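Encoded as structure tokens, the structure appears first; notes follow it.
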Amino acid sequence: MPHAWIEYSKNIADEAEVGSLGKCVHDAMMETGIFPLAGIRVRINRIDDYLVADCKPENAFVHLAIRIGEGRDMETKTAAADLIFERLSAHLKPLADRTPLAVAFEMQEIRGPHSYKMNNLHRHLAGN
């Protein structure tokens, strides 16, 4: 963990900010200093069917959801969420300056007893 899901509306698919959004989120997750590199996953999904606000076709959205493993105190989680949202917002500001855009972010904690994993990426990243 953490795993991120980015959804965005089809009408902004060709915008430069969207093309580099996954890397922005990945870098922000790393910058928090609390997530192991081998646990980070970023999924990016274009949503073709959507309605935003008053249904005008120029209205767009980006939604970021991050799920993290349990065990961090509230202060640590809040600092991480604040940093990630700040980076996301700054990255998307030029797009928001050009088009109607709704940006949402949430971070959820997954309880450990039912969070199963099989991951050999730690070993591969260490060069073994």
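Hydrogens, waters and symmetry mates play no part in the numbers below; they use all other heavy atoms, side chains included. This chain uses plain numbering: 1 for the first residue, then up along the sequence. Keep in mind that what you see is a predicted model, and the values were worked out from it rather than measured.
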Check your understanding: Considering residues at least two apart in sequence or located in another chain, which fulfil the side-chain contact (heavy atoms from CB on, under 4.5 Å) criterion with S20?
Key -> H91
**Study point:** Residues in side-chain contact (heavy atoms from CB on, under 4.5 Å) contact with K10, at least two apart in sequence or another chain
**Key:** R46, D48, Y50
Check your understanding: Does the side chain of K56 reach to within under 4.5 Å of the side chain of P100, using non-hydrogen atoms?
Key -> no
Review point. Any side-chain heavy atom of L92 within less than 4.5 Å of one from L21?
Key: yes
Review point. Is it the case that one hydrophobic cluster holds both I40 and L125, taking links as side-chain heavy atoms less than 4.5 Å apart, direct or via other members?
Key: yes
Practice item. To the nearest 0.5 Å, tell me how far R98 CZ sits from K93 NZ. Key: 11.0 Å
Exercise for review: Only one of N45, I47, V103, I44 passes side-chain contact (heavy atoms from CB on, under 4.5 Å) with Y8; say which it is.
Suggested key: I44
Review point. Any side-chain heavy atom of L101 sitting closer than 4.5 Å to one from E15?
Key: no
Study note, to complete from the structure: Applying side-chain contact (heavy atoms from CB on, under 4.5 Å) to I34 and not counting sequence neighbours gives T32, R72, T76, A80
Review point. Hey, what else clusters with W5 if you join Ile, Leu, Val, Met, Phe, Trp, Tyr whenever side-chain heavy atoms sit under 4.5 Å?
Key: none
Review point. At what distance, to the nearest 0.5 angstrom, does CZ of F105 lie from CD1 of I84?
Key: 4.5 Å
Check your understanding: Same cluster for L83 and M30 if Ile/Leu/Val/Met/Phe/Trp/Tyr side chains link at under 4.5 Å?
Key -> no
For residues 59-68, which side-chain donor-acceptor pairs fall under 3.5 Å, sequence neighbours excluded?
{"unit_1": "N59", "atom_1": "ND2", "unit_2": "V52", "atom_2": "O", "d": "3.1"}
{"unit_1": "N59", "atom_1": "ND2", "unit_2": "D54", "atom_2": "OD1", "d": "2.7"}
{"unit_1": "H63", "atom_1": "NE2", "unit_2": "E106", "atom_2": "OE2", "d": "3.0"}

Review point. When you measure from the side chain of T78 to the backbone N and O of M74, does any donor-acceptor pair fall under 3.5 Å?
Key: yes
Review point. When you look at K77 and E75, which way does the salt bridge (Lys or Arg N to Asp or Glu O under 4.0 Å) test go after all the steps?
Key: CA-CA 6 Å; K77 291 184 288 191; E75 183 178 313; over 6 Å; no
**Study point:** In one Ile/Leu/Val/Met/Phe/Trp/Tyr side-chain cluster, 4.5 Å: F35, L121
**Key:** no
Point to revise | Set of residues satisfying side-chain contact (heavy atoms from CB on, under 4.5 Å) with respect to D14, sequence neighbours excluded | key: none
Review point. Closest heavy-atom contact between R87 and C24?
Key: O-SG, 3.7 Å
Practice item. Find the distance between CZ (R41) and NE2 (H26) and round it off to the nearest 0.5 Å. Key: 9.5 Å
